[in-house]
Amino acid sequence: MGPIYLLQALIELASGVSFFREVGPGETWFEQVITSFDDTETVNLGADLGIALVGLIAIFLAPVATAAVMFAIDHLRKGEEYTVGSVIKQAFSRYWPMLGSTILFGLIAFGLFVVPIIIITIAGVVGAIVLPIVGIILAILLFVGFAIGIGLLLTRWSFYFGSVVFKEETPGFSRSWKLTKGRTWVLFGLFIIFSMIITMISVTLELSFMMVLGDSVLLSLIVNAASLFTTMIFTVGYAVMYFDLKVRNDADDLKEMIGEYNTPQI
């Protein structure tokens with residue numbers, strides 16, 4: 001993903017954005033930094049289209065990067081040698097099943113979010129008409145309930161990706177449902193912890209450098225580098241959780257030991 005972010009930085013440089021520090025109009029330093037992020041006055045259609053294209057490429061390459069990390073973790077846990085090129089090649093071999101399954105998962109997640117929002121909005125408005133405090137409390141309770149329910153459902157289906165990557169099942173939702181049985185709350189909690197860690201790192205870095213660099217190319221590079229690091233943390237964590245579930249469910253470690261025991265020694 002690094003070259004993609006580098007291409008984005010080059011497009012920003014070509015559009016006239018300062019590399020080290022970008023500030024806007026204002027009397028004070030704080031106003032200058034804040035106005036540097038206001039792009040309503042200057043419109044560069046070519047640069048905007050270029051950055052949008054780079055973002056689209058990054059979205060389509062993200063599954064490959066994730067799968068490559070998972071293949072690397074799989075080689076490591078088996079004590080096998082590998083190269084970066086080899087795991088990327090393995091990831092591309094599963095590209096279309098990964099992309100299709102990911103799009104389907106995204107559509108399911110979108111539906112799970114949209115329907116509850118409509119229900120919460122209607123319930124909140126009706127409750128507010130009857131009695132404002134009742135509407136507020138009802139909306140809060142529904143929001144918390146739906147948030148937990150959606151989180152648990154998405155957790156049950158979230159390991160579809162590993163199933164697709166390792167050719168166990170496509171699109172992998174039923175396989176993921178089976179793997180996560182009895183471990184849903186633990187996995188849900190781990191996802192929350194990972195999300196909190198990633199959010200804290202990203203927000204802290206972005207706010208810290210933003211106040212010094214403004215909306216500069218260097219800030220964009222730093223934010224993207226932090227994104228690569230935090231994404232790597234999440235991906236490795238996801239891979240470890242997937243292989244742990246696989247061992248618990250399929251007893252892969254016992255199968256490997258039996259296979260080694262039955263292999264004739266020469």
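All values reported here derive from a predicted model rather than from experimental measurement. The figures here come from the full heavy-atom set of this structure, side chains too, leaving out hydrogens, waters and symmetry mates. Along the sequence shown, the residues carry numbers beginning at 1.
- Applying the ring-ring contact (aromatic ring centres under 6.0 Å, His included) test to F60 and every residue at least two apart in sequence or in another chain returns nothing.
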With side-chain contact (heavy atoms from CB on, under 4.5 Å) as the test, would you mind laying out the steps for L154 and F113 before giving the verdict? CA-CA 11 Å; L154 292 180; F113 279 106; 4.1 Å; yes
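- A heavy-atom distance below 4.5 Å is not found between the side chains of V115 and F110.
- No single ILVMFWY cluster, assembled from side-chain heavy atoms under 4.5 Å apart, contains both F105 and V114.
- More than 12 non-hydrogen atoms from other residues, nucleotides or ligands lie less than 6.0 angstrom from OH of Y5.
- Both M232 and M98 belong to a single network of hydrophobic side chains, linked directly or stepwise wherever heavy atoms of I, L, V, M, F, W or Y lie under 4.5 Å apart.
- Residues that satisfy the side-chain hydrogen bond (donor to acceptor under 3.5 Å, both in side chains) test with S174, not counting sequence neighbours, are E169.
- W185 has its side chain out of reach of T155: every pair of non-hydrogen atoms, C-beta onward, lies at least 4.5 Å apart.
- Judged as a side-chain contact (heavy atoms from CB on, under 4.5 Å), and not counting sequence neighbours, the contacts of T231 are S227, T235.
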Taking it one step at a time, do F159 and K246 satisfy side-chain contact (heavy atoms from CB on, under 4.5 Å)? CA-CA 10 Å; F159 291 92; K246 200 168 180 299; over 6 Å; no
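- The side-chain contact (heavy atoms from CB on, under 4.5 Å) search around L142 returns I120, A123, L138, F146, not counting sequence neighbours.
- When the options I119, V125, V126 are evaluated for a side-chain contact (heavy atoms from CB on, under 4.5 Å) with I122, the one that passes is V126.
- Interatomic distance, I198 CD1 to I193 CD1, rounded to the nearest 0.5 Å: 12.0 Å.
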One pair to check against side-chain contact (heavy atoms from CB on, under 4.5 Å): L179 and S163. What are the steps and the verdict? CA-CA 10 Å; L179 286 174; S163 302; 4.3 Å; yes
Worked verdict on S86 versus T83 for side-chain hydrogen bond (donor to acceptor under 3.5 Å, both in side chains): CA-CA 5 Å; S86 67; T83 63; 3.2 Å; yes
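- Side-chain contact between N224 and L228 is absent, with no heavy atoms from C-beta onward closer than 4.5 Å.
- Distance check: F143 CZ to I148 CD1 gives 10.0 Å after rounding to the nearest 0.5 Å.
- At least one donor-acceptor pair closer than 3.5 Å links the side chain of R94 to the backbone N or O of V164.
- Partners of I133 according to the side-chain contact (heavy atoms from CB on, under 4.5 Å) rule, which considers only residues two or more places apart in sequence or in another chain, are L131, I137.
- Ring centroids of F243 and F166 are separated by less than 6.0 Å, placing the two rings close together.
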Under 3.5 Å, sequence neighbours excluded: what are the donor-acceptor pairs made by side chains of residues 63-75?
unit_1	atom_1	unit_2	atom_2	d
T66	OG1	A62	O	3.1
D74	OD1	R77	NE	2.9
D74	OD1	R77	NH2	3.3
D74	OD2	K78	NZ	3.4
H75	ND1	E80	OE1	2.8
H75	NE2	Q90	OE1	3.1

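- Separation of atoms CG (L112) and CG (L153) is listed at 6.0 Å; rounding is to 0.5 Å.
- Side-chain contact between V87 and F92 is absent, with no heavy atoms from C-beta onward closer than 4.5 Å.
- Residues in residues 236-245 take part in these side chain to side chain donor-acceptor pair (under 3.5 Å) pairs, two or more places apart or across chains: E168-Y242, D244-R248.
- In the hydrophobic clustering, where aliphatic and aromatic side chains (Ile, Leu, Val, Met, Phe, Trp, Tyr) are joined below 4.5 Å either directly or transitively, L6 stands alone.
- With sequence neighbours excluded, the residues satisfying side-chain hydrogen bond (donor to acceptor under 3.5 Å, both in side chains) with T180 are R156.
- Residue I150 is not grouped with residue I118 when hydrophobic side chains (ILVMFWY) are merged at heavy-atom distances under 4.5 angstrom, including chains of intermediate members.
- With a 4.5 Å cut-off between side-chain heavy atoms of Ile, Leu, Val, Met, Phe, Trp and Tyr, the cluster of M200 takes in none.
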Please determine whether side-chain contact (heavy atoms from CB on, under 4.5 Å) holds for the pair L104 and W157, giving the CA-CA distance in whole Å, both sets of side-chain angles, and the decisive distance to 0.1 Å. CA-CA 11 Å; L104 183 58; W157 287 321; over 6 Å; no
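- I59 and F161 sit in two unconnected hydrophobic clusters of ILVMFWY residues. Membership requires side-chain heavy atoms under 4.5 Å apart, directly or through other members.
- A continuous path of ILVMFWY side-chain contacts below 4.5 Å connects L107 to L99, so both sit in one hydrophobic cluster.
- Atoms CD1 and CG, on I192 and L187 in that order, are 11.5 Å from each other to the nearest 0.5 Å.
- To the nearest 0.5 Å, atoms CG (L141) and CD1 (I136) are separated by 12.0 Å.
- Scanning for side-chain hydrogen bond (donor to acceptor under 3.5 Å, both in side chains) contacts around T199 gives an empty result, with sequence neighbours left out.
- With a 4.5 Å cut-off on side-chain heavy atoms, F234 and T230 do not count as touching.
- By the 6.0 Å contact criterion, OH on Y95 is enclosed, its count of non-hydrogen atoms from other residues, nucleotides or ligands being greater than 12.
- Between F191 and S158 the shortest side-chain heavy-atom distance falls below 4.5 Å.
- No side-chain donor-acceptor contact under 3.5 Å links N249 to the backbone of L245.
- Counting only residues at least two apart or on different chains, the side chain to side chain donor-acceptor pair (under 3.5 Å) pairs with a member in residues 96-109 are T102-Y160.
- Using a 4.5 Å heavy-atom threshold, the side chains of K178 and F173 count as separate.
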